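Comments concern the structure below.
This is a predicted model, so every value here is computed, not measured. Here is the naming used below: chain letters follow the sequence lines, and residue numbers restart at 1 for every chain.
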Protein chains: 2
Amino acid sequence: MSSHTTTPKKPRTRRISESTIRRLSIYYRALARLEAEGYHTVSSKELARRERLTPAQVRKDLSFFGSFGTRGLGYPVSELRGKIARILGIDRMWNVALIGVGNIGSALVAYKEFQRQGFHIRRIFDNDQRKIGSNHKGIMVSDIADLESELKASKIEITVIAVPAHAAQDVADRCVRAGIKAMLNFAPVNLKVPDDVCLRTENMSMELEYLSFSRVNQGSVETVLLDAEKA
Amino acid sequence: MSSHTTTPKKPRTRRISESTIRRLSIYYRALARLEAEGYHTVSSKELARRERLTPAQVRKDLSFFGSFGTRGLGYPVSELRGKIARILGIDRMWNVALIGVGNIGSALVAYKEFQRQGFHIRRIFDNDQRKIGSNHKGIMVSDIADLESELKASKIEITVIAVPAHAAQDVADRCVRAGIKAMLNFAPVNLKVPDDVCLRTENMSMELEYLSFSRVNQGSVETVLLDAEKA
DNA sequence: TTTTTATTGTGAATGAGTTCACATACCACG
DNA sequence: CGTGGTATGTGAACTCATTCACAATAAAAA
Ligand SMILES: NC(=O)c1ccc[n+]([C@@H]2O[C@H](COP(=O)([O-])OP(=O)(O)OC[C@H]3O[C@@H](n4cnc5c(N)ncnc54)[C@H](O)[C@@H]3O)[C@@H](O)[C@H]2O)c1
Ligand SMILES: NC(=O)c1ccc[n+]([C@@H]2O[C@H](COP(=O)([O-])OP(=O)(O)OC[C@H]3O[C@@H](n4cnc5c(N)ncnc54)[C@H](O)[C@@H]3O)[C@@H](O)[C@H]2O)c1
């Protein structure tokens, strides 16, 4: 490679990997615990030990966003926690709507932890006439027919999709049309959304399948190879 | 450094990445749909198009486990589905126990899809006297006090942890002691388990935080850098 | 003030995972 | 039975993430 490669601009827009963001969530929780335990500072070594990561990983992750530590001392627990909250965008409130208040949906509404984290369920939608108009933890269930208008009117920023799989893509499409840019999906389907919409899918079947795989192939994969060949 | 690290001799034991296993689950579902649509064969190109992956990725993933396709033609839909089921270990039944039948736990018990997939909830445990002995979808709720003995007696292979966060580590430890090697955890904590135990954690808060991050930093991270510095 | 000690922040090295590219092989059809 | 068209399977190249290693530097000790 030539010494001066064609670097068009400064790489200001560094790409942050998904894993780094996931670890920021981990650090955030770890720091909350450290704070509760009365620590004022923590080293990357200690933080890594607690979360089963490497010190270098911790430092590298944080370095993408700035210099938060003090050499020879470590990171200020409480302050770093605040900075990570800011980076993750959880230093504010988010207006969330739940779509489909069945088994999973009801559990989510009842879960107070999300609210404490700043994710406020402001609206609930369903298509079941028996549910529409009923009260769930102080929130009146709206008719799915009014989805787009209500999402806009109530300034919803994140939708949680908890409808049956066959209805999920349609619901997602309608959310997109209503301008929603972030969704959490519980239906076991790969929803198609535009590039500028952030979609996360919580697929419990996939997690169970992963467990299953890891049990069948206890560490090694030789078994699978054999099985697959003779099958 | 290396206390007793055995140098891996034969490269027979290829390491299959987590992402590959996750994608096998995706292929499995896609093939089920293709089968329902009446297809007999499918090319890596078509499979990739449907699931938003690359053809090379599909072929490489499958090649770790054998040669399932026919050059010039593609993969036999139904047959490949069976082979993947076998690789994932979902061509059989798994005995599952649910621990903690609150909001989330109740939703899981009510969910028939897991059973159809081969994951059978055989036992339910709780520590609430009002719940113990009650019936959930035909399953009598057991006393958590009997956890270890019942797990063994009923040959449970996978446990699903749906108890409050503060109780989760203790429950996990007890499962480990009872010989459980696979767990799905819903509590928002990083549980510590031995290396030979496979643990998956479904952390919804982390998913919401990811959405939050992606909204705050619409594509770029410059904002974060600035904010973090001036904060 | 100077020295010692500890730990960060970060380029460079390594490693893992993805994509490329093409030889290989099979089917269909004439 | 050979030829054309097509899609697999896989080593090599590449890209992205993790780990290494150490200079930089702040705090504490002397
Ligand atoms: N229950 C679980 O433990 C579980 C686990 C994993 C995944 N999931 C998935 O989560 C989703 C919901 O599961 P559930 O068990 O809560 O199902 P459910 O049937 O109990 O609830 C679905 C709810 O969505 C409503 N609904 C149906 N169609 C709708 C539409 N077009 N618009 C608006 N609302 C509509 C129904 O009235 C119902 O209230 C499903 O996709 C399921 O596969 C559930
Ligand atoms: N409800 C949700 O939507 C949601 C979402 C994300 C994560 N979670 C997590 O899932 C877990 C369960 O949440 P939930 O909302 O169902 O809570 P919950 O309080 O409704 O249910 C917890 C159940 O566990 C039982 N329990 C408590 N301690 C126990 C113990 N030591 N042994 C056995 N059983 C015990 C309780 O009796 C109760 O039935 C929590 O860790 C929570 O953080 C829940």
Let me confirm one number: the [atom1]-[atom2] distance from [X] to [Y], rounded to the nearest 0.5 Å.
{"X": "A/Arg23", "Y": "A/Asp61", "atom1": "CZ", "atom2": "CG", "answer": "4.0 Å"}
{"X": "A/Ile161", "Y": "A/Arg200", "atom1": "CD1", "atom2": "CZ", "answer": "14.0 Å"}
{"X": "B/Leu80", "Y": "B/Thr41", "atom1": "CG", "atom2": "OG1", "answer": "11.5 Å"}

Are B/Glu46 and B/Arg50 ion-paired here, with the side-chain N under 4.0 Å from a carboxylate O?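 A salt bridge links B/Glu46 with B/Arg50.
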
Who are the side chain to side chain donor-acceptor pair (under 3.5 Å) partners of [X], not counting sequence neighbours?
{"X": "A/Gln115", "answer": "none"}
{"X": "A/Asp173", "answer": "A/Gln169"}
{"X": "B/Arg92", "answer": "B/Glu157"}
{"X": "A/Ser44", "answer": "A/Arg59"}

Show which side-chain atoms of residues 51-58 of chain B pair as donor or acceptor with protein atoms under 3.5 Å away, not counting sequence neighbours.
{"residue": "B/Glu51", "atom": "OE1", "partner": "A/Asn190", "partner atom": "ND2", "Å": "2.6"}
{"residue": "B/Thr54", "atom": "OG1", "partner": "B/Gln57", "partner atom": "N", "Å": "3.1"}

So if I take residues 17-26 of chain A and measure heavy-atom distances to DNA chain D, which residues fall below 4.0 Å?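 Close to the strand are A/Ser17, A/Ser19, A/Arg23.
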
Please list, in numerical order, the residues of residues 195-203 of chain A that have a heavy atom closer than 4.0 Å to any atom of DNA chain D. none

Got a list of side-chain donor-acceptor pairs under 3.5 Å for residues 175-186 of chain B, not counting sequence neighbours?
{"residue": "B/Lys181", "atom": "NZ", "partner": "B/Asp196", "partner atom": "OD2", "Å": "2.8"}
{"residue": "B/Asn185", "atom": "OD1", "partner": "B/Ala187", "partner atom": "N", "Å": "2.8"}
{"residue": "B/Asn185", "atom": "ND2", "partner": "B/Ala187", "partner atom": "O", "Å": "3.0"}
{"residue": "B/Asn185", "atom": "ND2", "partner": "B/Val189", "partner atom": "O", "Å": "3.4"}
{"residue": "B/Asn185", "atom": "ND2", "partner": "B/Thr201", "partner atom": "OG1", "Å": "3.3"}

Name all pairs fulfilling the salt bridge (charged side-chain N to carboxylate O under 4.0 Å, His left out) condition that reach into residues 65-79 of chain A, sequence neighbours left out, sorted by first residue then second. A/Glu79-A/Lys83

Does A/Ala32 have any side chain to side chain contact (heavy atoms under 4.5 Å, CB included) partners at least two apart in sequence or in another chain, and if so, which?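 In terms of side chain to side chain contact (heavy atoms under 4.5 Å, CB included), with neighbours along the sequence ignored, A/Ala32 is linked to A/Arg81.
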
Going 5' to 3' along nucleotides 5-14 of chain D, which nucleotides have protein heavy atoms under 4.0 Å from the base (write B), which only from the sugar-phosphate (write S), and which from neither (write -)? -BBBBBBB--

Contact interval (first through last nucleotide) of DNA chain C with protein chain A, 4.0 Å heavy-atom: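 So the outermost contacting nucleotides come out as C/dA6 to C/dA12.
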
